Amino acid sequence: MILQEMFAKEIDRDLKGVIKVGQGDEENIRQELEEYVVTRELQKHFAEFFASYKKGINGHTDKMGVWISGFFGSGKSHFLKILSYLLNNKNVNGKNALEYFTDDNKIVDAMVLADMKLAASIAHKTDVVLFNIDSKSDMTGKHTKDAIVSVFLKVFNEMQGFCGAIPFLADLERTLVEEGRYNEFKDKFADEYGKPWEASRHKFDFIQDTLVEVFAEMGFMSEAAARNWCEKIAEPYSISIEEFAQRVQDYIKAKGDNHHVVFLVDEIGQYIGDNSKLMLNLQTVTEDLGIACQGKAWVIVTSQQDIDAIAKDMGLRSNDFSKIQGRFDTRLSLSSANVDEVIKKRILAKKPIPEQTLTLL
């Protein structure tokens, strides 16, 4: 018997040593779903998460914050990505994400599986926004007190196909969509400029004259108003957390039929560091989304430290501390204790005949 041929899966296949949010090619996702090992610890975490999540499906809740903690190597980023696939019930290689779990009997508890199937049943009505907050933030973003809401607005705009880098343009695009004239605008812009709008909008300084001509031709704005609007883009953009929550609520209401938006934020703890203003900004974003959307918008974050440790290190007042804890009602702590279980099932699993032979030996 050749050792290499004993194993259930090819042992010379490419295995990602570190799972990163952003690795989104189909083959990579298929391997992640197929080979994901749900350890004894993870069985409990899936149970707790989906028990909380179904409250927003079946009714209303303002407890829609989830804090996933665990040090390097604990698998928190991998867990976050797997959640994103399940909530979107992503189709990969002809199979939905949930099928990778059911076909391989990854979940042992029938009640947990029922909760997961409930979440999958509204997956077509769920917008999943998965991102690493540090990579999505502007270089100077961390130094402003509204840094968190700015990044949330950016990824929310991008999810809808709007311009993430320039929020003024995203507001314009949103208005054109609401008035049913966005496609007309894109067609006219492409005719005038010679390139598609989505491929050109980031070069705003070079397309202003074209925009003014297009707005005037459409009768959307006068030439003077269009030039005045173009000048405003150079000004700092600001949005309150309440306004952002209202936008998310309006979007969900417009979609209707129990629509959900889920923000999955990797490495929030590393981004916040010891900045208490950023922590309070995150707390207020989560709080206002909870009040406005009542369980139809979720905020799921990962951090090396648990929420209690971060808040205590910052020396937050007891009132602020309890508020932050209240926003993230579901807290999941991942450890590296079950790494042997993962290796045994993912790497060392044998084919039936070699397994029997080794057992006899």
Side-chain angles (χ1 to χ4, degrees), residues 29 33 45-68 79-92 95-102 107 109-131 149 152-153 155-162 170 173-174 177-178 180 182 241-265 284-301 326-332:
I29 295 171
L33 283 165
H45 293 327
F46 277 111
E48 191 172 347
F49 172 77
F50 282 101
S52 297
Y53 189 72
K54 74 175 178 183
K55 293 174 187 174
I57 299 173
N58 294 332
H60 301 290
T61 179
D62 61 354
K63 294 179 177 178
M64 29 54 71
V66 181
W67 191 283
I68 302 166
F79 182 65
L80 188 75
K81 285 185 83 174
I82 294 295
L83 283 182
S84 76
Y85 303 150
L86 289 168
L87 294 174
N88 205 24
N89 205 16
K90 193 173 182 69
N91 189 288
V92 183
K95 283 172 68 173
N96 292 329
L98 186 61
E99 289 179 292
Y100 283 92
F101 274 64
T102 54
I107 300 294
D109 190 321
M111 287 183 67
V112 179
L113 200 56
D115 289 346
M116 291 171 74
K117 286 177 178 175
L118 176 65
S121 72
I122 65 153
H124 62 290
K125 299 180 284 188
T126 304
D127 289 309
V128 173
V129 189
L130 172 70
F131 61 101
V149 71
F152 270 69
L153 176 66
V155 296
F156 181 61
N157 284 337
E158 288 176 348
M159 179 270 290
Q160 296 171 80
F162 301 149
E173 291 166 322
R174 186 177 289 105
V177 167
E178 288 167 358
Y182 190 37
I241 294 172
E242 187 179 15
E243 285 176 303
F244 170 69
Q246 186 62 51
R247 280 192 193 175
V248 178
Q249 183 193 36
D250 291 344
Y251 173 80
I252 289 169
K253 276 187 176 177
K255 291 283 185 178
D257 198 24
N258 207 7
H259 196 85
H260 280 59
V261 175
V262 186
F263 297 96
L264 298 107
V265 194
T284 310
V285 168
T286 310
E287 183 175 17
D288 282 19
L289 282 174
I291 293 167
C293 304
Q294 286 293 299
K296 308 305 175 192
W298 283 71
V299 177
I300 306 168
V301 305
R327 289 310 110 214
F328 291 91
D329 190 63
T330 305
R331 296 196 284 276
L332 312 175

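This structure is a prediction, so every number in the text was calculated from the model and none was measured. The chain is numbered in sequence order, starting from 1.
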Donor-acceptor contact present, side-chain Asp109 to main-chain Met111, <3.5 Å: yes
Looking at side-chain heavy atoms only, is the closest gap between [X] and [Y] below 4.5 Å?
X      : Y      : value
Ile241 : Glu287 : no
Thr286 : Phe263 : no
Asp115 : Phe49  : no
Met116 : Thr102 : no

Pairing residues for Phe101 by the ring-ring contact (aromatic ring centres under 6.0 Å, His included) criterion, not counting sequence neighbours: Phe46
Between [atom1] on residue [X] and [atom2] on residue [Y], distance to nearest 0.5 Å:
X      : Y      : atom1 : atom2 : value
Leu264 : Leu80  : CG    : CG    : 4.5 Å
Leu83  : His45  : CG    : NE2   : 11.0 Å
Asp250 : Glu178 : CG    : CD    : 8.0 Å
Asp257 : Ile252 : CG    : CD1   : 13.0 Å
Ile29  : Ile82  : CD1   : CD1   : 9.5 Å
Phe79  : Leu332 : CZ    : CG    : 5.5 Å

Side chain to side chain contact (heavy atoms under 4.5 Å, CB included) between His260 and Tyr53, worked out: CA-CA 11 Å; His260 280 59; Tyr53 189 72; 3.7 Å; yes
Gln160 atom CD, neighbour heavy-atom count above 12 within 6.0 Å: yes
Full working for side chain to side chain contact (heavy atoms under 4.5 Å, CB included) between Arg174 and Asn157: CA-CA 9 Å; Arg174 186 177 289 105; Asn157 284 337; 2.5 Å; yes
How far apart are the closest heavy atoms of [X] and [Y], and which atoms are they?
X      : Y      : result
Cys293 : Ala245 : SG-O, 4.3 Å
Ala170 : Phe162 : CB-CB, 3.9 Å
Leu289 : Ala297 : CD2-CB, 4.4 Å
Asn89  : Ala120 : ND2-CB, 3.8 Å

Under 3.5 Å, side-chain donor or acceptor atoms of residues 56-68 against the rest of the protein: list the pairs with distances, not counting sequence neighbours.
{"unit_1": "Thr61", "atom_1": "OG1", "unit_2": "Lys63", "atom_2": "N", "d": "3.1"}
{"unit_1": "Trp67", "atom_1": "NE1", "unit_2": "Gln305", "atom_2": "O", "d": "3.1"}

side-chain hydrogen bond (donor to acceptor under 3.5 Å, both in side chains) with [X]: which residues, sequence neighbours excluded?
X      : answer
Asn88  : none
Gln249 : Gln246
Thr330 : Ser52

Qualifying side-chain hydrogen bond (donor to acceptor under 3.5 Å, both in side chains) pairs, either residue in residues 288-299, two or more places apart: Asn258-Lys296
Residues Tyr85, Val92; criterion side chain to side chain contact (heavy atoms under 4.5 Å, CB included); working and verdict: CA-CA 9 Å; Tyr85 303 150; Val92 183; over 6 Å; no
Aromatic ring proximity, centroids under 6.0 angstrom, Phe156 and Phe152: no
Verdict with reasoning, Asp127 to His259, per side chain to side chain contact (heavy atoms under 4.5 Å, CB included): CA-CA 8 Å; Asp127 289 309; His259 196 85; 2.7 Å; yes
